[in-house]
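Heads up: the structure comes next, in structure tokens.
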Amino acid sequence: MTDNMLSQTVLNLNESASLKAAALAQKLISEGRKIINFSIGEPDFNTPDAPSLEAIKAITMGKTHYSNPQGNLDLREAICEKLHRDNALEYSTDEIIVGSGGKHIIYHAFLATINPDDEVIVPSPYWVSYPDIASLCGGKPVIVQPDPISLKLTSTVLEKSITAKTKWIVLNSPSNPTGAVYTENELQAIAEVLRKHPHVLVLSDEIYEKFVYPPAKHVSLINVAPDLKERTLLVNGASKGYAMTGWRIGFGAGSTTLVAAIKKLISQTTTCPSSISQEAAKVAFSETQPSIMMRDSFQNRRDEAVTILSTSELLGDIRKPEGAFYLFLNLENVVGKKTVTGKVLNRDDDVVEFLLEEANVSTVSGSAYGFSPYLRISFACSVEQIREGCQAVVNALASLKS
Ligand SMILES: Cc1ncc(COP(=O)(O)O)c(C=O)c1O
């Protein structure tokens, strides 16, 4: 079969840039290159024992059949309890939909609501998948620029971007790739704008909720604007906060109409999330300790990485991320510089290639997140790798000439 037999939809679709970078790093490692993988988008911790043991129990007890497409009732009860305990939010089980990962929920939510040419406001820098999922569902991603210092969406920009065709606005706090965390005041200002536009739905992606570094704290849009609950879909899941990326469990909390529509779609696509993973996630969502241990560890690694990278003159003042496990580095003093072999680094993609060659470090360029010239470094790896990799980045940058 040749490419011209593929659908226009697939031909137009980009492969996830972060998954692609991580896969390239893995390939080079398997070929014997000693690469430090800073492009990784998942905790390097193993899934905690309690959910893993629950999954084994589920298998031995034969809980291996199809489930309700919406997710098992007891898992949805555990999710309601988690939202009550951790987020001070009240949801009933019919307002919860469980999917095979947060990405799956976002895809089905867009599929359930977007008509051709509906607009989806995606603040940049954005997680790589939002624009592509919106396009895949027939929508038009509208990329909007952030505040240049905080790299967050402002209420003024939001106000200017909403049109009669706006269907969704995407909010992601803590953010991938910047690690920015929205404050109560910032969310209040956004909520004020949204109140004037009742036709706009809100995707509140809170998948990195568990990794927020004090004194910052996680606040959901619904905490500050409960009146927007009916048109907000809160997305979260087991992947990041519970080190369960491979188990593929995510959930959405929102209006019963949207939940029922997503359930109908899931019944015709994946049928239901894995029954075994559901049993594991039920236990994971009721535990808080493993997430706290991971958060404290990520905070130390963040500080270690920032300390080392700050010694590079070319990186200037590094913004310390308040959440998630990514550093988003400004490359404006790096682009335009020449390597010792005379190659000019014109774009952030060139810097990524240079660091892979010269520093044996795999990163992802800002262009993948719609914001250049920047570089994303994941610090979800060991302290030793952070020390070695960040020092290698500093050394490689020091070799560049004007
Ligand atoms: C911002 C953001 N949202 C959602 C997801 C999806 O996570 P999952 O599908 O594993 O639940 C990711 C994964 O990288 C992410 O970074």
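Start at 1 and go down the list; that is how both ligands and their atoms are numbered. What you see below is based on every heavy atom in this structure, not just the backbone, and it leaves out hydrogens, waters and symmetry mates. In what follows, residues are counted from 1 in the order of the sequence shown.
Of the listed residues (L194, L203, V142), just one forms a side-chain contact (heavy atoms from CB on, under 4.5 Å) with I169, and that residue is L194.
In this structure, R301 contributes its side chain and C381 its backbone to a donor-acceptor pair below 3.5 Å.
Remark: K240 fails to qualify as a cation-pi partner of F211 under the 6.0 Å distance and 45° angle criteria applied to the six-membered ring. In this structure, R302 fails the cation-pi test against F379, since its NZ or CZ atom is not both closer than 6.0 Å to the six-membered ring centre and inside 45 degrees of the ring normal.
Closer than 4.0 angstrom to ligand 1 by heavy atom are G101, G102, K103, W127, Y130, N172, N176, D205, I207, Y208, S239, K240, R248, sorted by chain and number.
Within the structure, side-chain hydrogen bond (donor to acceptor under 3.5 Å, both in side chains) contacts touching residues 309-323 (residues at least two apart or in different chains) are D303-K320.
Under a 4.0 Å N-O distance rule, the pair D74/K282 qualifies as a salt bridge.
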